[in-house]
Amino acid sequence: MSVRLVEIDAENAGQRIDNFLLKTMKGLPKSRIYRALRKGEVRVNKSRIKPEYRLQVGDEVRIPPLRMAS
């Protein structure tokens, strides 16, 4: 798996980044998503963001290949 860059459209705009990731990365525990946000693995427009960040149209979300720690 490699890094995915997702461009935010009007449908996903206004949504919190944590909720967007929970929807996008089905089956991944919340704790893993929050850890990725905290560590700066997930970025919006090349910047670290807080879980409360609300997505806007045209934002570029960098989603790393997140997987379960064995």
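Worth saying up front: this structure is predicted, and the values here are computed from it rather than measured.
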Problem set entry | All pairs passing salt bridge (charged side-chain N to carboxylate O under 4.0 Å, His left out) where residues 10-20 contributes a residue, at least two apart |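 Output for this query lists Arg16-Asp18.
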
For this session: Would you list the pairs meeting salt bridge (charged side-chain N to carboxylate O under 4.0 Å, His left out) in which at least one residue belongs to residues 45-54, sequence neighbours left out?
Result: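 Salt bridge (charged side-chain N to carboxylate O under 4.0 Å, His left out) check on residues 45-54 returns no pairs.
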
For this session: Would you please test Leu22 and Lys30 for side-chain contact (heavy atoms from CB on, under 4.5 Å) and show each step?
Result: CA-CA 7 Å; Leu22 283 167; Lys30 259 186 181 172; 3.5 Å; yes

Distance (rounded to the nearest 0.5 Å) between [X] [atom1] and [Y] [atom2]:
X	Y	atom1	atom2	value
Ile63	Met25	CD1	CE	6.0 Å
Leu37	Leu21	CG	CG	5.5 Å
Asn12	Phe20	CG	CZ	5.0 Å

For this session: Would you sort out whether Ile17 and Val44 count as a side-chain contact (heavy atoms from CB on, under 4.5 Å), showing the intermediate values?
Result: CA-CA 9 Å; Ile17 183 73; Val44 175; 4.1 Å; yes

Exercise. With a 4.5 Å limit on heavy-atom distance, are the side chains of Lys23 and Gln15 in contact?
Worked result: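 A side-chain contact exists here, since the closest heavy-atom pair is under 4.5 Å.
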
For this session: Determine the minimum heavy-atom distance between Pro64 and Val3, stating which atoms define it.
Result: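 In this case the closest contact between Pro64 and Val3 is CA-CG2, 4.3 Å.
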
Problem set entry | Heavy-atom pair of closest approach, residues Val57 and Ala13 |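 So the two residues come closest at CG2-CB, 3.6 Å.
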
Problem set entry | Main-chain N/O of Glu41 paired with Arg62 side-chain donor or acceptor, under 3.5 Å |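 Such a contact is found between Arg62 side chain and Glu41 backbone.
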
Exercise. Within the distance-only criterion (no hydrogens, no angle test), does the side chain of Asn45 pair as donor or acceptor with the backbone N or O of Asp59 below 3.5 angstrom?
Worked result: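 Side chain of Asn45 to backbone of Asp59, a donor-acceptor pair under 3.5 Å: no, none is there.
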
Exercise. Between Val61 and Leu55, does a side-chain contact (heavy atoms from CB on, under 4.5 Å) hold up when you go through it step by step?
Worked result: CA-CA 9 Å; Val61 181; Leu55 295 167; 3.8 Å; yes

